[in-house]
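Both counts, for ligands and for their atoms, begin at 1 and track the order of listing.
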Amino acid sequence: MLNNQGRPTGVDGAKNVGSATGFATYTGSRGLSQVEGLIYEIGDVKRTGVDFPEVEDFESCLGGMERKEEIGLVGLSEPETMRHYTRLSRKNYAIDLGLYPLGSCTMKHNPRINEKVARIPGLSDVHPLQPISTTQGALDLIDTLAHWLKTLTGMPAVAMSPKAGAHGELCGLMAIRAALEAKGDARSIVLAPESAHGTNPATAALCGYKVKPIPATADGRVDLAAMKEALGPDVAAIMVTNPNTCGLFEREIIEIADAVHAIGGYFYCDGANFNAIVGKVRPGDLGVDAMHINLHKTFSTPHGGGGPGAGPVVLSEALAPYAPIPYVLAGEESFELVEHDVVGGKSFGRMTAFHGQMGMCIRALAYMMSHGADGLAKIAEDSVLNANYVLASLKDVMSASYDGPCMHEALFDDRFLKDTGVSTLDFSKAMIDEGYHPMTMYFPLVVHGAMLIEPTESESKGSVDQFIGMMRHLVKAAKEGETERFLGAPYNAPLKRLDETAAARNPILRWRKTEEE
Ligand SMILES: *Cc1c(COP(=O)(O)O)cnc(C)c1O
């Protein structure tokens, strides 16, 4: 039996989730994996809490504004509350549980030294409204991180406040728009390759630009000839990811930059894949005008339910004057915080109330300093090595989309599943039964049924070997006609296969009490 939230309840619910032996359990739990309802379903104010005695001669001061319905709070004891959240946390997949092969997301280990440093009281308790004289250390930290970001990218300026990659894209395009408007040259088009991450065209559209897609070549890179064709006096910028979302280095990146500069436009580089080239290539040497850096990808700060992102944006000389406020300025004696642009200044304005994700800046700097310059270059090398090991170990049974080695992630498409009756989605769901979070699927859009695998440098050879073995096992099962194991997968997850389209189209965002309850 399912309750109104689609969750199994009681004995029948156990049948619903199935078990190896087929018998239903009294609780619906399976082994030590307990079923867990929503906190509102399992709690009840009538079971816990304190009853105060009626007050005598009570006179309300609320003038008729008193609550007339039940407040609807949850009612759990402290141990019940602990268990609720701990049980939920056990249903979550995390990088601390296993390999997390989501391509484009760089799900790497967050070293615990990061957490230790972030918990130093002087850093963890700092408040953005404290007097500047008492936050010099925090400003120094932001400035030091900014220094390393500029050094690693070879760029002269960086905006530290954007709170994610997509927010950084917005920052970069707003700076580009401000620079163009300052020249009295407002333009209307932004070019983006067909393989671009969805946030690129979304950001350009949000900034009021028309997005013109640029096709890819047969070897998975930007079609330079088509790009030049699309250039014109109305093009404000091109947004290119490098290495791109197919996991390939854009060999003609300098020609791309030169071509867009020649028509008076700017080059926005999506730096989400910086992990592959950190310490090896400086984007500033490639003609980049603006690039966001996802601290939560390249610099290991937790993400994906584990923490907020952070997306500082490095800027070229041409765009630096348009950077957002607030920013930190290293003075002779102390650090200053510039909250208002100078009179006649060019800053495009403010994106965040304060200075961005301070906690993530601390973790990212701890990560950089604990690795050093040589260690960061090693990260790029090992992440590329791991991805190529995956590619080389799977390409005889899966269909690699492009010839030759990859950068930090390996792209496959669904040709190897032809005539098996198994789709990329089914295959991904079967990975859940094997205890793995699926790789990124159906992205990038330039290949059919994409499967994008990014092991990152965090994984040992042993753990990558187990992943490869699991993938080969599933490929064999699909090719040998074991379609059942795919079509209904995941069988071992608490709720089995969900209707994700319905969940996206008709999201139920608010719990409501129903009659039976
Ligand atoms: C992750 C990612 C983004 C967006 O970054 P967020 O921090 O998730 O906003 C943009 N482009 C690419 C290629 C990405 O992988």
Side-chain angles (χ1 to χ4, degrees), residues 95 100-108 110 149 159-174 190-207 211 213-214 216 220-222 237-250 253 267-278 283 288 290-314 351-352 356-357 359-361 363-364 383 387 406-411 439-447 450-456:
I95 189 67
Y100 210 136
L102 268 187
S104 215
C105 295
T106 312
M107 305 300 291
K108 64 164 78 172
N110 165 39
L149 293 175
M160 297 296 289
S161 63
K163 298 197 174 196
H167 204 210
E169 291 172 34
L170 184 63
C171 172
L173 282 205
M174 287 175 83
V190 165
L191 307 181
E194 280 170 355
S195 61
H197 193 265
T199 51
N200 293 186
T203 301
L206 191 69
C207 280
V211 183
I214 305 295
R221 286 152 175 110
V222 174
I238 185 165
M239 299 179 88
V240 175
T241 312
N242 196 29
N244 68 24
T245 59
C246 301
L248 303 170
F249 194 84
E250 291 287 353
I253 192 92
F267 176 16
Y268 185 90
C269 184
D270 179 328
N273 294 338
F274 193 45
N275 204 53
I277 57 172
V278 61
V288 168
M291 182 182 97
H292 72 259
I293 301 161
N294 310 63
L295 297 186
H296 49 288
K297 294 180 182 171
T298 308
F299 297 107
S300 82
T301 70
H303 64 303
V313 180
V314 287
M351 299 190 83
T352 60
Q357 306 285 28
M360 296 303 138
C361 291
R363 288 171 174 85
S383 70
C406 59
M407 294 295 289
H408 62 306
E409 50 194 355
L411 178 60
M439 66 257 136
T440 290
M441 51 175 192
Y442 298 108
F443 172 80
L445 303 176
V446 287
V447 302
M451 303 184 190
L452 185 63
I453 303 173
E454 181 180 7
T456 83

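The single protein non-hydrogen atom nearest to atom 6 (P) of ligand 1 is G165 N, 3.4 Å, given as residue, atom name and distance. At the shortest separation from atom 9 (O) of ligand 1 among protein heavy atoms lies A166 N, 2.8 Å. Summary of contacts: the protein heavy atom closest to atom 8 (O) of ligand 1 is H296 NE2, 4.3 Å. Annotation: atom 11 (N) of ligand 1 to nearest protein heavy atom, D270 OD2, 2.6 Å.
For T241, no nitrogen or oxygen atom sits less than 3.5 Å from a nitrogen or oxygen atom of ligand 1, counting backbone and side chain alike. For a threshold of 3.5 Å applied to N or O pairs, the pair formed by N294 and ligand 1 contains at least one separation below that value.
Residue contacts with ligand 1 include K297, since one or more of its heavy atoms lies under 4.0 Å from the ligand.
Counting the atoms of ligand 1 from 1 in the order shown, those under 4.0 Å from a heavy atom of A272 are 2 (C), 11 (N), 12 (C), 13 (C), 14 (C), 15 (O). Taking every heavy atom of E169 and a limit of under 4.0 angstrom, the matching atoms of ligand 1 come to 10 (C).
Heavy atoms only, all atoms of each residue included: M360 and P302 are closest at SD-CD, 4.1 Å. Scanning both residues, G356 and K163, for their nearest heavy atoms gives CA-CE, 4.1 Å.
Although no hydrogens or angles enter the test, the distance criterion places no donor-acceptor pair under 3.5 Å between the side chain of T106 and the main chain of K297. In this structure, the side chain of H303 engages the main chain of H296 through a donor-acceptor pair within 3.5 Å.
Remark: H408 engages N273 in a side chain to side chain donor-acceptor pair (under 3.5 Å) (not counting sequence neighbours).
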> Between N242 and E250, does a side chain to side chain donor-acceptor pair (under 3.5 Å) hold up when you go through it step by step?
Replying inline: CA-CA 6 Å; N242 196 29; E250 291 287 353; over 6 Å; no
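With contacts defined as side-chain heavy-atom distances shorter than 4.5 Å, the pair Y268/H292 qualifies.
Considering only non-hydrogen atoms, atom 4 (C) of ligand 1 lies nearest to H197 out of H197, H167, E454, K163.
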